[in-house]
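Input: a single structure, listed below in structure tokens.
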Amino acid sequence: MCFRSGRVFMQDRIVGGYTAAPNSIRYMVSLQTTNGQHFCGGSLVHRYWVLTAAHCNIADQMMIVAGDYRVNVFEGTEQYAKPHRLVTHPLYNRSTNNADIMLIKLRAPVILNKFVALAPLPRQGTGVVEGQMCRVSGWGYNSVGGGRVPVMLRTVTLPIVSAARCNSSHSFDGNITANMICAGYQAGGKDACKGDSGGPLVCRGRVYGVVSWGNGCGDAKYPGVYTAVARFRRWVDQTVYGSYRHC
């Protein structure tokens, strides 16, 4: 069992994918240490809020970079923001990875432009069916042997795997909860990996998944596991908009 953030085993990241067109995934953000080291991805869901994985809460100080394409290369399209507060889901469980979802409130709002946009989310309780094609993106490792971190944002398209198949004794053997979804090919070879944690799995134009965990990267037996965002849409709305309701 390994997370897809920078803190665990040297494994891969968008494995078997391709380089995204520059600034084509405008809601994607990079979570970085204050010295510019990328360690997780995220999605901009509000001018003040980023959606990511709870296990990405690993840096005492972090910088959120929106509008990035070549990570660690200044292009002039980036917007840098410091977090005001991190809100981990109250049900998050480190040992089971259940409810691996977190919201980061920024100290200042990002400016929406041709490089930065918001990610649409699914309605509460909506699902994705087996075989539905979705896209995951990130700056994580790009080979199973722990190849170098790519400079440019990469992406790969994957089919949804049914909970029954993902939870079978041949795969994760009952460790997939109702708050998780799986995606990957039966032959393996394409997956998210280390450094991709917190990034978006986009189906039908909406962020249905957050890169959470897996067993290796691109393994035919073990699809990638994502937090099911539709199970937490109500929590996202309450967290993001709750403070405004008192106005």
Side-chain angles (χ1 to χ4, degrees), residues 1-5 8 40-43 45 49-57 86-104 119-138 157-186 188 190-193 196-217 219-242:
M1 182 186 297
C2 30
F3 291 116
R4 267 83 198 277
S5 66
V8 214
C40 271
S43 305
V45 295
W49 292 88
V50 166
L51 180 71
T52 187
H55 79 264
C56 288
N57 186 4
L86 278 60
V87 185
T88 303
H89 194 277
L91 295 181
Y92 171 54
N93 185 315
R94 282 178 188 274
S95 19
T96 64
N97 308 318
N98 191 47
D100 184 15
I101 193 167
M102 176 171 73
L103 284 160
I104 302 172
L121 299 180
R123 292 197 309 273
Q124 177 75 23
T126 54
V128 279
V129 297
E130 181 168 29
Q132 166 86 49
M133 297 305 290
C134 304
R135 180 169 78 164
V136 61
S137 309
T157 303
L158 303 166
I160 295 295
V161 175
S162 71
R165 184 152 73 85
C166 204
N167 241 341
S168 73
S169 56
H170 301 293
S171 191
F172 287 107
D173 198 20
N175 288 311
I176 304 302
T177 73
N179 292 322
M180 302 172 188
I181 51 179
C182 300
Y185 288 93
Q186 281 190 308
K190 297 185 178 187
D191 198 0
C193 214
D196 290 323
S197 278
L201 179 74
V202 174
C203 317
R204 303 194 299 265
R206 296 177 184 274
V207 179
Y208 271 87
V210 168
V211 178
S212 180
W213 65 285
N215 192 341
C217 299
D219 189 314
K221 272 182 71 177
Y222 300 102
V225 186
Y226 302 79
T227 306
V229 175
R231 301 273 297 185
F232 300 99
R233 174 62 194 270
R234 199 168 290 128
W235 172 78
V236 169
D237 287 350
Q238 286 167 352
T239 306
V240 171
Y241 299 106

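- Counting all heavy atoms, side chain and backbone alike, M180 lies closest to T96 at CE-O, 3.3 Å.
- Listed by chain and number, the residues in a side-chain hydrogen bond (donor to acceptor under 3.5 Å, both in side chains) with R135 amount to none (sequence neighbours excluded).
- Across every non-hydrogen atom of R165 and E130, the tightest pair is NE-OE2, 3.6 Å.
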**OP:** Just do the side chain to side chain contact (heavy atoms under 4.5 Å, CB included) check on N97 and V225 with the steps written out, would you?
**Re:** CA-CA 10 Å; N97 308 318; V225 186; over 6 Å; no
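- The side-chain heavy atoms of I181 and L201, taken from C-beta on, include a pair separated by under 4.5 Å.
- Across all non-hydrogen atoms, the minimal contact from V211 to H55 is O-CE1, 4.2 Å.
- S197 places no side-chain N or O within 3.5 Å of a backbone atom of C40 that could act as its donor or acceptor partner.
- Between the side chain of R234 and the backbone N or O of Q124, no donor-acceptor pair lies under 3.5 Å.
- With values rounded to the nearest 0.5 angstrom, N215 atom CG is found 11.5 Å from D173 atom CG.
- Here the shortest heavy-atom pairing between T52 and G198 reads OG1-CA, 3.3 Å.
- Of all non-hydrogen atoms in L158 and D191, the two that sit nearest each other are CD2-N, 4.2 Å.
- The side-chain heavy atoms of S171 and K221, taken from C-beta on, include no pair separated by under 4.5 Å.
- A search for side-chain hydrogen bond (donor to acceptor under 3.5 Å, both in side chains) contacts involving Q132 returns R204, not counting sequence neighbours.
- When side chains are defined from C-beta on, I160 does not count as touching Y208, because their heavy atoms never get closer than 4.5 Å.
- The side-chain heavy atoms of C182 and Y222, taken from C-beta on, include no pair separated by under 4.5 Å.
- For F232, the ring-ring contact (aromatic ring centres under 6.0 Å, His included) partners are H89, not counting sequence neighbours.
- Rounding to the nearest 0.5 Å places CD1 of I176 at 9.0 Å from OG of S212.
- Scored by the side-chain hydrogen bond (donor to acceptor under 3.5 Å, both in side chains) test, N167 finds no partners at all (sequence neighbours excluded).
- With values rounded to the nearest 0.5 angstrom, I101 atom CD1 is found 14.5 Å from Y226 atom OH.
- Using a 4.5 Å cut-off on side-chain heavy atoms (C-beta onward), V87 and W235 make contact.
- Judged by distance alone, the side chains of N179 and N98 do bring a donor and an acceptor atom under 3.5 Å apart.
- The closest side-chain heavy-atom distance from L103 to V45 is below 4.5 Å.
- Using a 4.5 Å cut-off on side-chain heavy atoms (C-beta onward), W49 and I104 make no contact.
- Taking R206 as the reference, nothing meets the side-chain hydrogen bond (donor to acceptor under 3.5 Å, both in side chains) condition, with sequence neighbours excluded.
- Residues passing the side chain to side chain contact (heavy atoms under 4.5 Å, CB included) test with T88, sequence neighbours excluded: A54, N57, Y92, M102.
- Nearest heavy-atom pair, P122 versus V229, reported as atom, atom and distance to 0.1 Å: CD-CG1, 4.1 Å.
- Taking the side chain as every heavy atom from C-beta outward, V236 and L51 approach each other to under 4.5 Å.
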